[in-house]
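To start, the structure itself, in structure tokens.
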Amino acid sequence: MGNLVRSFVGHVRAVATGLRYLLLPNRMTVYYPEKLIELPEGYRGLIRYYPELCVQCGLCAMVCPAGAMKMYVKKGEKRGRPGVNYQRCIFCGFCADICPQNALEMTKVHDVAYEKLEDMILSPEEFAREVRSPALEEGAVKVKVIFSEERGLVHEPA
Amino acid sequence: MGLLEWVLELLLSPQVFAPVVFPGLVTALVVLLTIIWAERKIAARVQMRVGPLYVTRRFGGVLQMLADGTRYMFQEFIIPETSDKGFFVFAPVLALAAAILPFAFIPAAPGFAPVKHPLAALGVLASLSAAPLAVLLMGWSSGNKFAIQGAVREAFMTLAYEAVVFLSVLAMGMLYGTLDLEEAVYRQVIPGLLLNPISAFTFFVGMVMSAGRLPFDIVEGEQEIVAGPYVEYSGIVFGIGMGLAYLKLYAFSLLFSILYLSGWEPLLPIYSVYPPLGGLMLFVKAYAVMLFVAFLRSVYGRYRLDQALRAGWRIFLPLALASVMFSAFVKVVVYG
């Protein structure tokens, strides 16, 4: 009998907790296409290639653990330039780290979608293009994540 | 002219208006569309999310279910090779009919009952307890192991709640001295919830069990047996299966409001214009009860079948019996 009473009290408390959350909601969701979280320094998003800095040493292709980076050799040239296959890339950032010229950079863009699988294989020319976030292109507002002790995650306009 | 008047009179008569328009079929459809949205929205609020939003964004995505329904409508209705085809098609219709039938006994306002009968409460319960048979048939005729498991679970659950619900109503019937729902409202000096809280509690739990809402959505068991008896259904019939639980919940909520929340009291003055509109309070109360049941989804996880059965037989059945005795006591004290 005492057990039953205790369990009833437990149920009431559970419902009360639920009601408290219902009446004082603490939303943490970011309305993504309209708002975009500002990412921290050192975020490893899509990679950008700067061909003018590149010395074509091929270290990036050598170090790539996923075999995503590949050197493309043009006709008439002796050494190739890197292209990336995003089907394989694990965004570890080794290529950007090992590059002696800093010709590879990890950007903060991560929300690019490709229509076809073949589109994910970038040649050196495509790889050298600026990477743009489609959400930002359509006018998303950047927000900053702040950790608050009472409310958990709070998003403020950056 | 005579024909038009006759049609209008027929439509506005309690026998047609109450089951078909308010609080019956048409209202039930609106309730169905909004309550599923509300359920998702409430769960989202508690779980720190936003919930459905992009369909009619200005109103918080209230038309989401209409969009979903439209999608169901245009989906192909697949009849599996291995199913018992006749019953497979017939069973959902039967289930829906059983879920709609109770509205023939639920009065909308004083003097505005489709079927005024001294045993109206029993009529509601009887037609509601016919629905599980149709669900059993749905599962069985699907010829799918998950569907049969769901059907068997439905049968078990029916055993768990049926006696509890009937005994709770019996307790109230004893207290009011009648099973006529209209009379029951008149006899409530204070809401039945205060007169006999034990009966209200057991009826409420039985109602949640019957409608298959959390924590008793064992029949559907989304994560274990996919959708239970409805697993082979597609298109609009799947929508019917989904709406079935809510229809039952709506009928039960109306019954709960009549028996325990003093029905349509306070009667709105619009009653003199057209009677059922005065009974709008009944609808508001029933809707609030439904919202509370929907809210429970965000609090509870699912019970196991044996836990639910044990709760039904070991806790709620004795409680329901106790509520009958409590009713006898209250009847002597309050009604003399």
Side-chain angles (χ1 to χ4, degrees), chain A residues 1-39 110-113 115 133-158, chain B residues 35 37-55 57-58 60-61 164 197-198 200-202 204-205 208-209 213-216 288-303 307-308 310-323:
Chain A
M1 193 64 196
N3 213 353
L4 281 183
V5 172
R6 216 174 312 134
S7 121
F8 184 75
V9 172
H11 281 280
V12 170
R13 278 168 70 181
V15 169
T17 308
L19 279 175
R20 203 177 66 232
Y21 274 95
L22 179 65
L23 298 176
L24 304 166
N26 178 19
R27 279 188 183 138
M28 291 186 187
T29 310
V30 175
Y31 293 80
Y32 160 67
E34 286 119 54
K35 288 179 184 169
L36 194 66
I37 294 176
E38 197 177 55
L39 296 159
H110 59 86
D111 50 352
V112 175
E115 273 181 27
S133 156
L136 275 182
E137 297 260 287
E138 282 174 28
V141 183
K142 274 198 172 181
V143 290
K144 207 161 42 179
V145 183
I146 295 169
F147 183 74
S148 127
E149 291 212 342
E150 292 106 48
R151 296 203 52 212
L153 299 179
V154 181
H155 302 285
E156 277 178 9
Chain B
I35 200 76
W37 166 79
E39 178 166 349
R40 291 175 62 180
K41 216 62 183 165
I42 288 171
R45 250 175 110 92
V46 176
Q47 293 163 358
M48 307 177 182
R49 298 182 286 116
V50 180
L53 181 70
Y54 281 98
V55 182
R57 173 154 200 174
R58 195 173 296 173
V164 175
I198 309 174
F201 176 62
T202 49
F204 183 79
V205 175
V208 175
M209 275 191 190
R213 309 312 309 152
L214 270 132
F216 301 108
V289 172
M290 286 183 80
L291 281 180
F292 184 69
V293 175
F295 154 76
L296 287 182
R297 159 173 285 247
S298 47
V299 176
Y300 286 105
R302 183 183 309 123
Y303 280 135
Q307 285 172 328
R310 194 187 306 138
W313 284 107
R314 287 215 191 143
I315 299 169
F316 293 111
L317 187 71
L319 261 182
L321 284 170
S323 80

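Since this is a predicted model, take the numbers as computed values, not measurements. Residue numbering restarts at 1 for every chain, and letters A, B, ... go by the order of the sequence lines.
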Would you please name every residue forming a side chain to side chain contact (heavy atoms under 4.5 Å, CB included) with I198(B), sequence neighbours left out?
-> N196(B), L319(B), S323(B), F326(B)
Pairs of heavy atoms under 4.5 Å with chain B: top-ranked of L24(A), L19(A), L4(A) | L19(A)
Distance-only donor-acceptor screen, chain B against chain A, under 3.5 angstrom:
residue : atom : partner : partner atom : Å
R45(B)  : NE   : L22(A)  : O            : 2.9
R45(B)  : NH2  : L22(A)  : O            : 3.3
M48(B)  : O    : M28(A)  : N            : 3.2
M48(B)  : O    : T29(A)  : OG1          : 3.4
R49(B)  : O    : R27(A)  : NE           : 3.0
Y54(B)  : OH   : E34(A)  : OE2          : 3.1
R57(B)  : NH1  : E34(A)  : OE1          : 2.7
R57(B)  : NH1  : E34(A)  : OE2          : 3.2
R57(B)  : NH2  : E34(A)  : OE1          : 3.1
Y300(B) : OH   : H11(A)  : ND1          : 2.6

